[in-house]
Amino acid sequence: MSTDKNRVLIFDTTLRDGEQCPGATMTFEEKLAIADFLDEMGVDIIEAGFPIASDGDFEAVSAIAKRVKNAVVAGLSRAAFKDIDRAAEAVKHARRPRIHTFISTSPVHMKYKLQKEPDAVLQLVIDQCTRARNHVEDVEWSAEDATRTEHDFLCRCIEAAIKAGATTINLPDTVGYATPDEYRAMFEMVINRVPNADKAIFSVHCHDDLGLAVANTVAGLMGGARQVECTVNGIGERAGNAALEEIVMAIKTRNDVFPFHTGIETTLLNRASKLVSAATSFPVQYNKAIVGRNAFAHESGIHQDGMLKNNQTYEIMLPETVGVSKTSLVMGKHSGRNAFRDKLKQLGYELADNQLEDAFVRFKALADRKKHIYDEDIEALVDENIATAQDRVKVLNLLVVAGTNGPQSAVLTLDIDGQHHTRQSTGNGPVDATFNAIHQIIPHQAKLELYQVHAVTEGTDAQAEVSVRLADEDGRLVNGRAADPDTLVASAKAYIAALNKLTKQRAGDARVHAQHGAA
Ligand code: KIV
Ligand code: ZN
């Protein structure tokens, strides 16, 4: 780790705290792809999961530990020895393994959640850090609900954790309750008061319940913390975590007030956002700072006029700095393979030859139906191509009859492992008819929890992007997303994408159960 006193370590917890948010579950393959990307982007520590939580989590952390080249790979654990041992087992093949172990320290958590006296909690802090340190050199200890913890007790716990071997001390605002001044003051207080504070790096971890997560994060840095825990797009429990891209760009853009630096390659931020959004099927809010589609759009005449005269009038960052290219209108049906490959490179995609060929075929098909192809169209197409490459079920054909005189009907053909299956169905509207046809071909118990449509670009020929969320009878939640100029085709593809995900998750769960059963 760096000895530079203004270097801020970026600890990404998209795959752990981010994945904890309902519906954000990712498949094993998606987790690996995200971990690879975070590593390439310069994230210092990747929290890959919570190994004791499920066999699937364990397998993902273990696989990520084996493949990550540069970053530290962390596994989360509670204070119990079996948790810590499981985390140690999962990260043991990492080039740089870390165990992140936590326990609640606030009166309300100790009394109601842990049902333990403070002295018993203090002893657990010592035991958990000692146990973790016996496994690895790099141990992070977190005081859950630190911002509602009594200061004297917090200081005693931190001192004990460092003495027992913790090298990073994380003080989370678990419930998103703190204000920036309070959060900064807490770090100043502990760094001043804890006698061995100089032996550890202090870390911030903020939730966004009051919309203050990023403000609190930078305040914590001003108070002396040098590690930031965050997630791509700010996904996470409840209102989410502090957004990685916002923190990194706040530091970079306002370096006059936040005199820090990170190792993040900022031109990859936009791509990271898209990747996480595609994997979780959580759309990014249009006006989201840094990576929202409107973040660099200038609509009003006055703003456009100012921008034409000098872009500094309304732009505090160059879009290129975060990987947003200026020219959005790009290609049409006469664009060739080389131009397509160059465009993908510019958008941050490195595809294998067969993936490139598939994407090119789909691009040509789209260009036949749509006059102007924008960057967003290409991104939607490639993300979908990557996400569905291994899918067993594909939508082949859909014919829908809609209009004022119901019932509406759909004739659907699916390709399942190379076999074609066709059914006709009716429904209360064309979407219902389409989904009923899917039900007929693939009978299932999963319930539709969410159905959302939005346009990828502008214009009546814009592609529709549909998100579908399904919940199965065992409580698994999956999202599927697809884009197509025809909203109903996009709907069928999104539903099938979700069903494919469900099948993969079930197969993954069965595989790890079989492995552990056999062990
Ligand atoms: O928010 C929180 O307190 C956490 C801890 C487990 C670090 O996520
Ligand atoms: Zn958290």
Side-chain angles (χ1 to χ4, degrees), residues 9-22 24 44-54 57 61 72-80 83-84 86-87 90-91 98-110 112-114 121 124-125 128-129 132 138-149 153-154 157-158 161 166-178 182-183 186-187 190 200-214 216-217 220 225 227-244 246-247 276:
L9 299 172
I10 299 293
F11 175 116
D12 179 279
T13 182
T14 306
L15 298 172
R16 198 279 297 171
D17 222 345
E19 216 223 1
Q20 265 171 240
C21 92
D44 298 287
I45 302 109
I46 297 172
E47 185 161 59
F50 192 179
I52 196 84
S54 72
D57 248 49
V61 176
V72 171
V73 176
L76 184 70
S77 77
R78 289 168 300 190
D83 274 43
I84 297 168
R86 191 94 174 116
V91 297
R98 172 181 293 191
I99 297 177
H100 175 194
T101 182
F102 72 98
I103 192 164
S104 295
T105 50
S106 66
V108 63
H109 274 221
M110 289 192 292
Y112 296 106
K113 192 177 104 167
L114 300 178
V121 171
L124 283 172
V125 173
Q128 70 183 144
C129 293
D138 185 346
V139 172
E140 171 169 339
W141 176 75
S142 284
E144 191 183 5
D145 207 15
T147 49
R148 294 191 299 167
T149 298
F153 185 61
L154 186 60
C157 288
I158 294 171
T167 44
T168 300
I169 299 293
N170 182 40
L171 303 179
D173 185 26
T174 304
V175 291
Y177 181 72
E182 285 169 0
Y183 202 52
M186 180 183 71
F187 281 94
V190 295
I201 291 178
F202 281 81
S203 168
V204 294
H205 177 118
C206 299
H207 282 268
D208 208 29
D209 299 66
L210 294 175
L212 292 171
V214 172
N216 283 339
T217 296
Q227 176 180 285
V228 161
E229 301 200 354
C230 49
T231 60
V232 175
N233 294 338
I235 63 166
E237 286 270 8
R238 306 183 308 280
N241 289 57
L244 180 150
E246 295 180 22
I247 299 159
V276 169

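Indexing begins at 1, ligand by ligand and atom by atom, following the structure's order.
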Keeping to distances under 2.8 Å, can you name the protein N/O/S atoms close to the Zn ion (ligand 2)? Asp17 OD2, His205 NE2, His207 NE2

Neighbour count >12 (heavy atoms, 6.0 Å) for atom CZ, Phe153: yes

For ligand 1, which of its N or O atoms have a protein N or O partner closer than 3.5 Å, and how long is each gap?
{"unit_1": "ligand 1", "atom_1": "1 (O)", "unit_2": "His205", "atom_2": "NE2", "d": "3.1"}
{"unit_1": "ligand 1", "atom_1": "1 (O)", "unit_2": "His207", "atom_2": "NE2", "d": "3.0"}
{"unit_1": "ligand 1", "atom_1": "3 (O)", "unit_2": "Thr174", "atom_2": "OG1", "d": "2.6"}
{"unit_1": "ligand 1", "atom_1": "8 (O)", "unit_2": "Arg16", "atom_2": "NH1", "d": "3.4"}
{"unit_1": "ligand 1", "atom_1": "8 (O)", "unit_2": "Arg16", "atom_2": "NH2", "d": "3.0"}
{"unit_1": "ligand 1", "atom_1": "8 (O)", "unit_2": "Asp17", "atom_2": "OD2", "d": "3.1"}
{"unit_1": "ligand 1", "atom_1": "8 (O)", "unit_2": "His205", "atom_2": "NE2", "d": "3.1"}

Beyond-backbone contact of Phe102 with His205, side-chain heavy atoms, under 4.5 angstrom: no

A side-chain contact here means heavy atoms from C-beta on lying under 4.5 Å apart; do Phe50 and Asp83 qualify? yes

Between Glu140 and Thr168: side-chain donor-acceptor atoms closer than 3.5 Å: no

Check: Thr14 and Ile235 side chains under 4.5 Å, non-hydrogen atoms: yes

For the residue pair Ser77 and Arg86, establish whether any side-chain heavy-atom pair is separated by less than 4.5 Å. no

Any Ile158 side-chain heavy atom under 4.5 Å of Trp141 side chain: yes

Taking ring-ring contact (aromatic ring centres under 6.0 Å, His included) as the definition, give me every residue that meets it alongside Tyr183, ordered by chain and number, with sequence neighbours left out. Phe187

Not counting sequence neighbours, list each pair that qualifies as a salt bridge (Lys or Arg N to Asp or Glu O under 4.0 Å) and has a residue in residues 10-19. Arg16-Glu47, Glu19-Lys31

